[in-house]
Novice: 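Please find one structure pasted underneath; my questions will follow.
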Amino acid sequence: MAAASLQQAVSINPTLSKRNVMSLTNYLRIPLSMAERMADIESFDGLPPENLAVLPRDYSEQEIQSITDALKFAAEHPEFDFAALLPDMPHSNAQLHAFLVKMHKSIQGWHDTRTATP
């Protein structure tokens, strides 16, 4: 990650350690790589149920929680330079923030449903 992005994240939330910021930004690269491949990012409405259903196959519970935490950080910090995390990102920061917010809502809703006690 570029030093500027690390400094920006720490300045946004000074309670985060550099290690936590690096973890958050590394996990943000997972959904951002999906956004990078999308031609029409603005039509994204969140992950469909079939994509959510395979998350446990592809990621551990801890990784899913880390992705969710990273998406929460992104949703709460629209001023963060998301495009700086991947070179040659074809989308604007505002588009990426909107995409990450929708991704967060879909994963958080799915995760809450899975972990709810009956």
Side-chain angles (χ1 to χ4, degrees):
M1 171 178 44
S5 295
L6 179 61
Q7 291 171 345
Q8 180 192 21
V10 171
S11 70
I12 289 171
N13 189 342
T15 63
L16 291 174
S17 70
K18 287 184 180 183
R19 183 177 180 198
N20 288 344
V21 170
M22 289 189 72
S23 178
L24 286 172
T25 55
N26 283 336
Y27 280 105
L28 275 177
R29 284 185 175 94
I30 295 168
L32 286 173
S33 66
M34 179 181 167
E36 185 178 39
R37 294 185 304 267
M38 295 176 76
D40 184 13
I41 193 172
E42 292 177 358
S43 67
F44 179 76
D45 287 328
L47 288 174
E50 58 272 13
N51 290 73
L52 292 166
V54 299
L55 284 176
R57 181 194 71 200
D58 297 337
Y59 300 99
S60 70
E61 279 300 316
Q62 183 176 351
E63 289 170 325
I64 292 170
Q65 186 59 55
S66 294
I67 293 167
T68 304
D69 292 344
L71 289 167
K72 180 180 181 202
F73 172 85
E76 293 173 350
H77 298 96
E79 70 280 11
F80 186 78
D81 187 5
F82 304 108
L85 296 178
L86 291 179
D88 303 321
M89 177 58 76
H91 307 296
S92 73
N93 213 58
Q95 290 173 315
L96 292 171
H97 179 256
F99 170 84
L100 293 168
V101 167
K102 292 173 187 175
M103 177 79 73
H104 178 251
K105 287 179 182 177
S106 62
I107 288 181
Q108 186 64 55
W110 169 80
H111 190 263
D112 290 348
T113 301
R114 287 182 64 235
T115 58
T117 54

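Just so we're clear, the structure is a prediction, and the values are computed from it rather than from any experiment. Side-chain atoms are counted along with the backbone in the values below, which use heavy atoms only and exclude waters and symmetry mates.
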Novice: So, for Ala70 and Tyr27, which heavy atoms are closest and what is the spacing to 0.1 Å?
Specialist: CB-CB, 3.8 Å
Novice: Going from CG on Leu100 to CD1 on Ile41, what distance comes out if it is rounded to the nearest 0.5 angstrom?
Specialist: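 Going from the CG atom of Leu100 to the CD1 atom of Ile41 covers 7.5 Å.
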Novice: How many angstroms lie between CG in Leu24 and CG in Leu71, if you round to the nearest 0.5 Å?
Specialist: 10.0 Å
Novice: Which pair of non-hydrogen atoms, one from Glu36 and one from Leu86, has the smallest distance, and what is that distance?
Specialist: OE1-CD1, 3.9 Å
Novice: Would you say that more than 12 heavy atoms from the other residues, nucleotides or ligands in this model lie under 6.0 Å from the CD of Glu50, or not?
Specialist: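 Yes, because the 6.0 Å sphere around CD of Glu50 holds more than 12 heavy atoms from other groups.
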Novice: Grab the two heavy atoms, one from Asn51 and one from Val54, that are nearest each other, plus how far apart they are.
Specialist: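 Closest heavy-atom pair between Asn51 and Val54: O-CG2, 3.2 Å.
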Novice: To the nearest 0.5 angstrom, please state how far the NZ atom of Lys102 sits from the CD1 atom of Ile107.
Specialist: 14.5 Å
Novice: Write down the atom of Ile30, the atom of Ile67, and the distance for their closest heavy-atom approach.
Specialist: CD1-CD1, 3.9 Å
Novice: Kindly indicate whether the side chain of His97, heavy atoms from C-beta on, has any atom under 4.5 Å from the side chain of Glu79.
Specialist: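 No; the side chains remain at least 4.5 Å from each other.
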Novice: Is the shortest side-chain heavy-atom distance between Leu28 and Phe82 below 4.5 Å?
Specialist: yes
Novice: Any idea which heavy atoms bring Ser106 and Leu47 closest together, and the distance?
Specialist: OG-N, 3.1 Å
Novice: Does atom CG (Asp40) have a neighbourhood of more than 12 heavy atoms from anything else shown, all under 6.0 Å?
Specialist: yes
Novice: Enter the distance from Leu32:CG to Met89:CE here, rounded to the nearest 0.5 Å.
Specialist: 5.0 Å
Novice: Please confirm whether the backbone N or O of Ala35 pairs with a side-chain atom of His91, one donor and one acceptor, at under 3.5 Å?
Specialist: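 Indeed, once roles are kept as given, a pair shorter than 3.5 Å links the two residues.
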Novice: At what distance, to the nearest 0.5 angstrom, does CE of Met38 lie from OG of Ser33?
Specialist: 11.5 Å
Novice: Distance from Gln65 atom CD to Lys72 atom NZ, nearest 0.5 Å?
Specialist: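 Nearest 0.5 Å value for the CD-NZ distance: 9.5 Å.
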Novice: Counting C-beta onward and ignoring hydrogens, is there a side-chain heavy-atom pair between His104 and Val101 closer than 4.5 Å?
Specialist: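 SC-SC contact between His104 and Val101 ruled out.
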Novice: Is there side-chain contact between Phe44 and Met103, with at least one heavy-atom pair below 4.5 Å?
Specialist: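 The answer is yes, as the side chains (C-beta and beyond) meet within the 4.5 Å cut-off.
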Novice: Ring-plane angle category for Phe73 and Phe80, please: parallel below 30°, perpendicular beyond 60°, tilted otherwise.
Specialist: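 Correct class here is perpendicular.
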